[in-house]
Every structure is written in C-alpha cells, then in structure tokens.
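Just below is one structure, and these are the notes that go with it.
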Amino acid sequence: VVLLMTLPTNIPSMVLLENHDYQPPKGVLGAVSGLSTIAGSLLGPSATSLSLPGVAICLAPETGERRLRPHVAAMASIGGLAIAVLGGVAAHTATIVPRELLVAAVGLAVVGIVANSLGSATRGPLLLGPLFTFAIAMSDMSLLGLGSFPWAIGGGITVSLLLERKQFLELASTSRP
C-alpha cells in the first residue's frame with residue numbers, strides 16, 4: 001500500500017521505512033510517484049510522492065501490531081483519497097471546530113511521532129548532526145529558493161563534520177560497500 005501526497009518526500013519516507021525494518025520497493029515507488037506526477041501535471045503543477053507524515057503515523061507503535069500495519073496504511077490511504085475527493089467539505093469542517101481544539105488535537109497527535117523520530121535519529125554514534133538535521137527539517141526555513149530539507153541534510157553533515165568528526169568518519173568508512 002502506498003500513501004501518496006503532493007510533497008517530494010520519497011527519500012525521507014523510504015529511510016524511515018528502512019529504519020523500521022521494512023524493505024520498500026524503491027523502483028515501484030519511484031515509478032508510481034513519477035507516473036502520478038505526470039498525470040497530475042496535466043491538471044496543474046504538482047508532485048506526488050510518499051507521504052512522510054502518513055508513513056510516520058502508520059509506523060507508530062500506537063497503530064498496533066506490526067502485522068496489522070499494512071491494513072492501517074490501507075485505511076489511511078482510503079481516508080486520504082476520501083479527503084482529496086471531498087476536500088472542500090473537509091476544509092469547511094475544519095472551520096466549524098474551534099481553532100484551539102483543532103491545534104491541540106494535532107499537537108497531541110504528533111508528540112509521539114516527534115519523540116520516536118528524535119529517539120531513532122540519536123540512537124547511533126552521532127548525536128548533534130542528527131539533532132540539527134531534525135531541527136532544520138522541521139523549520140520553515142527557505143534560502144536561495146530551497147526549502148528546509150536540503151539545508152537540513154547539509155547542516156547536519158556540517159555539524160557532524162565539525163563537532164563529531166571522528167564518529168562521522170568512522171561511520172562513513174563502515175557504510176561503504
């Protein structure tokens with residue numbers, strides 16, 4: 001089951017899946033994303049890729065046993081497609097709910113995801129680089145026309161090279177084929 005949305009997040013989503021011991025079919029995901037982007041471009045500028053928030057939610061321990069997670073992903077995909085089809089109604093529904101309640105619900109929903117992501121990012125030999133990468137990626141930073149993701153990768157690598165050079169070089173030498 002592929003969770004799709006219109007943000008270029010295939011690589012971070014696949015890394016997240018691999019960190020949870022899943023082996024995503026990279027070729028299939030690339031083909032589906034590419035063909036969906038081509039089809040969507042006929043209706044206007046859009047890109048289609050794996051939904052990083054959707055993947056993270058489906059991998060959370062709160063979703064249940066590992067063997068049931070594909071079903072969770074399928075239900076999330078159906079829900080996403082329903083929202084896409086009924087987007088106007090969904091947008092109007094959000095205006096009915098008090099803003100404070102909506103913000104509180106969304107905030108509570110992401111607390112576990114953020115905690116798990118930080119734990120996964122800092123589990124290895126590097127600490128500061130992954131933390132900086134995470135912080136920059138979560139920001140609204142935009143520089144030279146690039147969003148936060150490329151700057152997050154560059155910033156994390158730079159911080160690790162400057163402050164965790166020994167561990168970074170050891171990790172780089174052991175991860176080569």
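What's counted below: heavy atoms across the whole structure, side chains too, no hydrogens, waters or symmetry copies.
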Hits for side chain to side chain donor-acceptor pair (under 3.5 Å) against Arg99, two or more places apart or cross-chain, chain-then-number order -> none
Does Leu101 sit in a hydrophobic cluster with other residues, and if so which ones, taking ILVMFWY side chains as linked at heavy-atom separations under 4.5 Å, directly or through other members?
-> Val97, Leu102
Taken to the nearest 0.5 Å, the spacing of Gln167 CD from Ser160 OG works out to 8.5 Å
Mind checking whether Leu162 and Phe168 sit in one hydrophobic cluster, side chains of I, L, V, M, F, W, Y counted as touching below 4.5 Å?
-> no
Show which residues join Ile38 in its hydrophobic cluster (side-chain heavy-atom contacts under 4.5 Å, direct or indirect), or state none.
-> none
Check side chain to side chain contact (heavy atoms under 4.5 Å, CB included) between Ile96 and all other residues, then give those that pass, not counting sequence neighbours.
-> His92
What about Ile153 and Val159, same hydrophobic cluster or not, with Ile/Leu/Val/Met/Phe/Trp/Tyr joined at side-chain heavy-atom distances under 4.5 Å?
-> no
Taking atom CD1 of Ile11 and atom CG of Leu29, what is their separation to the nearest 0.5 Å?
-> 11.5 Å
Rounded to the nearest 0.5 Å, how far does CG of Leu42 lie from OG1 of Thr37?
-> 11.0 Å
Exercise answer: donor-acceptor pairs, residues 131-145 side-chain atoms, under 3.5 Å, sequence neighbours excluded:
from   : atom 1 : to     : atom 2 : distance (Å)
Thr133 : OG1    : Gly129 : O      : 2.8
Thr133 : OG1    : Ala152 : O      : 3.4
Ser139 : OG     : Ile136 : O      : 2.6
Ser139 : OG     : Met141 : N      : 3.2
Ser142 : OG     : Leu146 : O      : 3.4

Short question: side chain of Thr63, backbone of Ala60 - any donor-acceptor pair under 3.5 Å?
-> yes
Which atom pair, heavy atoms only, marks the closest approach of Leu59 to Arg69?
-> O-NH1, 3.4 Å
Please tabulate, for the side chains in residues 19-28, all donor-acceptor contacts under 3.5 angstrom to protein atoms that are two or more places apart in sequence or on a different chain.
from  : atom 1 : to    : atom 2 : distance (Å)
Asn19 : ND2    : Val15 : O      : 3.4
His20 : ND1    : Leu16 : O      : 3.0
Lys26 : NZ     : Glu18 : OE2    : 2.6

Determine, using the 4.5 Å side-chain heavy-atom cutoff (strictly less than), whether Leu128 and Trp151 are members of one ILVMFWY cluster.
-> no
